Amino acid sequence: MMDLTRNDSARGGTGVPPVNHAQDARATFKLHQYFSERARDVTPPAARGAACVLYAPMLSDPEAASRCASVLSAHERERSERFVTKELKAHFQQRRAFRRYCGALAIGSTSSLSQIIFEETENGRPYLRDRSDLWFSFSSCRSGFIGAWSSKFGLGVDLEEPIDMEVADLAQMYFTESESRTVRERGPARLRTFLQLWSLKEAALKSIGEGLPFGLDEFEFELDESPRVVDAPGDYGPERFNAHLFDQAGACGALVLRIL
């Protein structure tokens, strides 16, 4: 998810009540039911068998947010209390609950979602404490959440919504010269082209365990009929990457797989 001017919209912390384990169990059952009914498999056809990509819509139901909050850790619940608006708080809670749901699916667990423990590397790559052999990646937009995992490839996923900014200028700042030119030359389609390239590049960074500070211009893509990595950083050869684009809920999505 694009974040040019990161702002967690936080306020001073408040006390967080301890976890109610009976409530946790009920919430796990309800959340499994909710996500299984509403989440959709959006794995690009060419990537099936190599990875799984799941999308879940954002809920406006306050009860859903409460259920999501009950399966989070004390640290996550405390962090959620720092958001200024109820909408941002609910979005964070649902995003983290969905992450746990994806983790449970990936390992075939029926345990409480509160027991699905993700850690993060120094650069922010999420991984399951007890299953470091699995690669995970997550992204979100205002309308929902996306999660991807694989036991065969390093991977990254990203979801980008349309923005009200001059994308040609942003492309000049963050993309390679060739990509920036591609955006400018697309005319009416330049916003979509920009979002496709941004989502591909951010997903590619995630596939090597890096984030935006590493530099979007470290990867270069060509779109043509299908996306293709033409330049990659360091010892990563372009041939080690397989890129896919898809549309979801009005946003541009990208999945990048890396041969381990």
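As the structure is a computational prediction, the values presented were derived from the model and not from experiment. Index from 1, following the sequence. Worth knowing before you read on, the calculation uses all heavy atoms, side chains too, and leaves out hydrogens, waters and symmetry mates.
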Participant: Could you check whether any side-chain heavy atom of F194 comes within less than 4.5 Å of a side-chain heavy atom of F175, counting everything from C-beta outward?
Facilitator: yes
Participant: Counting only N and O atoms by type, is there a donor-acceptor contact under 3.5 Å from the side chain of S139 to the main-chain atoms of I146?
Facilitator: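 Checked: no pair found.
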Participant: When you look at E81 and R77, which way does the salt bridge (charged side-chain N to carboxylate O under 4.0 Å, His left out) test go after all the steps?
Facilitator: CA-CA 6 Å; E81 292 296 332; R77 289 182 290 125; over 6 Å; no
Participant: So how far is it from L260 CG to K152 NZ, rounded to the nearest 0.5 Å?
Facilitator: 12.0 Å
Participant: Using the six-membered ring wherever Trp is involved, compare the ring planes of F83 and F92 and label them parallel, tilted or perpendicular (cut-offs 30° and 60°).
Facilitator: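 The arrangement is tilted - the two ring planes meet at 30° to 60°.
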Participant: Consider only side-chain heavy atoms of I, L, V, M, F, W and Y, link residues closer than 4.5 Å, and tell whether I163 and L212 are in one cluster.
Facilitator: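 Yes, one cluster joins them.
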Participant: Please report the shortest heavy-atom distance between L155 and A148, naming the atom on each side.
Facilitator: CD1-O, 3.8 Å
Participant: Do T176 and F219 have side chains that get closer than 4.5 Å, going by heavy atoms?
Facilitator: no
Participant: How long is the gap from NZ on K86 to OG on S80, to the nearest 0.5 Å?
Facilitator: 13.5 Å
Participant: Could you walk me through whether L128 and F136 pass the side-chain contact (heavy atoms from CB on, under 4.5 Å) check?
Facilitator: CA-CA 8 Å; L128 283 177; F136 288 89; 3.8 Å; yes
Participant: Please report the shortest heavy-atom distance between Q94 and P57, naming the atom on each side.
Facilitator: OE1-O, 4.4 Å
Participant: Got a salt bridge between D247 and R192, using NZ or NE/NH1/NH2 to carboxylate O under 4.0 Å?
Facilitator: yes
Participant: Run the salt bridge (charged side-chain N to carboxylate O under 4.0 Å, His left out) test on E210 and K206 for me, step by step, so that the C-alpha distance in whole Å, both residues' side-chain angles and the decisive distance to 0.1 Å come before the verdict.
Facilitator: CA-CA 5 Å; E210 297 287 350; K206 293 177 182 179; over 6 Å; no
Participant: Is the side chain of R258 donor-acceptor paired with the backbone N or O of S207 at a distance under 3.5 Å, no angle test?
Facilitator: yes
Participant: Examine K201 relative to F221 and say whether NZ or CZ is less than 6.0 Å from the centre of the six-membered ring and inside a 45° cone about the ring axis.
Facilitator: no
Participant: How long is the gap from OH on Y34 to CZ on R38, to the nearest 0.5 Å?
Facilitator: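 Interatomic distance, Y34 OH to R38 CZ, rounded to 0.5 Å: 6.0 Å.
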Participant: So if you build clusters from Ile, Leu, Val, Met, Phe, Trp, Tyr with side-chain heavy-atom gaps below 4.5 Å, do F214 and L170 land together?
Facilitator: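 In one cluster with F214: L170, yes.
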Participant: Identify the heavy atoms of V71 and A97 that sit nearest to each other, and give their distance.
Facilitator: CG2-CB, 4.2 Å
Participant: For a 4.5 angstrom cut-off between non-hydrogen side-chain atoms, does R99 reach P126?
Facilitator: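 Result yes, sub-4.5 Å side-chain heavy-atom pair found.
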Participant: Would the number of heavy atoms belonging to other residues, nucleotides or ligands and lying under 6.0 Å from CD of E166 be above 12?
Facilitator: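 Check passes, neighbour count above 12.
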Participant: Does Y127 form a ring pair (Phe, Tyr, Trp, His ring centres under 6.0 Å) with W135? I'd like the steps, not just the answer.
Facilitator: CA-CA 7 Å; Y127 64 93; W135 270 74; 9.8 Å; no
Participant: Check step by step if ring pair (Phe, Tyr, Trp, His ring centres under 6.0 Å) holds for F98 and F35.
Facilitator: CA-CA 8 Å; F98 178 66; F35 285 128; 5.5 Å; yes
Participant: Does any non-hydrogen side-chain atom of C252 lie less than 4.5 Å from one of F246?
Facilitator: no
Participant: To the nearest 0.5 angstrom, please state how far the CG atom of L216 sits from the CD atom of E202.
Facilitator: 7.0 Å
Participant: Show your working on side-chain contact (heavy atoms from CB on, under 4.5 Å) between S150 and L134 and close with a plain yes or no.
Facilitator: CA-CA 6 Å; S150 175; L134 289 170; over 6 Å; no
Participant: Closest heavy-atom contact between L191 and P162?
Facilitator: CD2-CB, 4.2 Å
Participant: Does L113 offer a backbone N or O that forms a donor-acceptor pair with the side chain of T28 under 3.5 Å?
Facilitator: yes
Participant: Check whether any side-chain heavy atom of L223 lies under 4.5 Å from a side-chain heavy atom of R186, and answer yes or no.
Facilitator: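 They are in side-chain contact.
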Participant: Just one of F145, F118, W149 clears the ring-ring contact (aromatic ring centres under 6.0 Å, His included) bar with F138, so which one?
Facilitator: F118
Participant: Are any side-chain N or O atoms of S180 and backbone N or O atoms of E177, one a donor and one an acceptor, separated by less than 3.5 Å?
Facilitator: no
Participant: Is there a side-chain contact between E179 and E222 in this structure, where contact means two heavy atoms from C-beta onward sitting under 4.5 Å apart?
Facilitator: no
Participant: Grab the two heavy atoms, one from S137 and one from V157, that are nearest each other, plus how far apart they are.
Facilitator: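 Residues S137 and V157, closest heavy atoms: OG-N, 2.9 Å.
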Participant: For the residue pair S109 and H32, what are the closest heavy atoms and their distance?
Facilitator: O-CE1, 4.4 Å
Participant: Are any side-chain N or O atoms of T182 and backbone N or O atoms of S178, one a donor and one an acceptor, separated by less than 3.5 Å?
Facilitator: yes
Participant: Count I, L, V, M, F, W, Y as connected when their side-chain heavy atoms are under 4.5 Å apart, and connections chain through other members. Are F241 and V230 then in the same cluster?
Facilitator: no
Participant: Less than 4.5 Å apart, side chain to side chain, heavy atoms only: is that true for L255 and N242?
Facilitator: no
Participant: Go through it in stages, so that I can follow the logic: the residues are Q93 and L72, the test is side-chain contact (heavy atoms from CB on, under 4.5 Å), and I'd like the CA-CA distance, side-chain angles, deciding distance and then a yes or no.
Facilitator: CA-CA 8 Å; Q93 291 171 336; L72 303 187; 4.1 Å; yes
Participant: Going by distance alone, is a donor N or O of one side chain under 3.5 Å from an acceptor N or O of the other, for S114 and S112?
Facilitator: yes
Participant: Mind checking the CZ-CG spacing from R240 to D235? Nearest 0.5 Å is all I need.
Facilitator: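 Interatomic distance, R240 CZ to D235 CG, rounded to 0.5 Å: 8.5 Å.
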Participant: Apply side-chain contact (heavy atoms from CB on, under 4.5 Å) to the pair I107 and I116, showing each step before the final yes or no.
Facilitator: CA-CA 10 Å; I107 64 175; I116 306 299; 4.1 Å; yes
Participant: For residues M58 and S143, determine if any side-chain heavy atom of one lies less than 4.5 Å from a side-chain heavy atom of the other.
Facilitator: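 In short, these two side chains do not touch, never coming nearer than 4.5 Å.
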Participant: Does this structure show an ion pair linking R100 with E76, if we count only N-O contacts that are shorter than 4.0 Å?
Facilitator: yes
Participant: Ignoring hydrogens and geometry beyond distance, is a side-chain donor-acceptor pair present between D41 and T43 at under 3.5 Å?
Facilitator: yes
Participant: Kindly compute the distance separating OG (S73) from CD (Q115), expressed to the nearest 0.5 Å.
Facilitator: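 These two atoms lie 11.5 Å from each other.
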Participant: Any salt bridge linking R125 with E120? Criterion: basic side-chain nitrogen under 4.0 Å from a carboxylate oxygen.
Facilitator: no
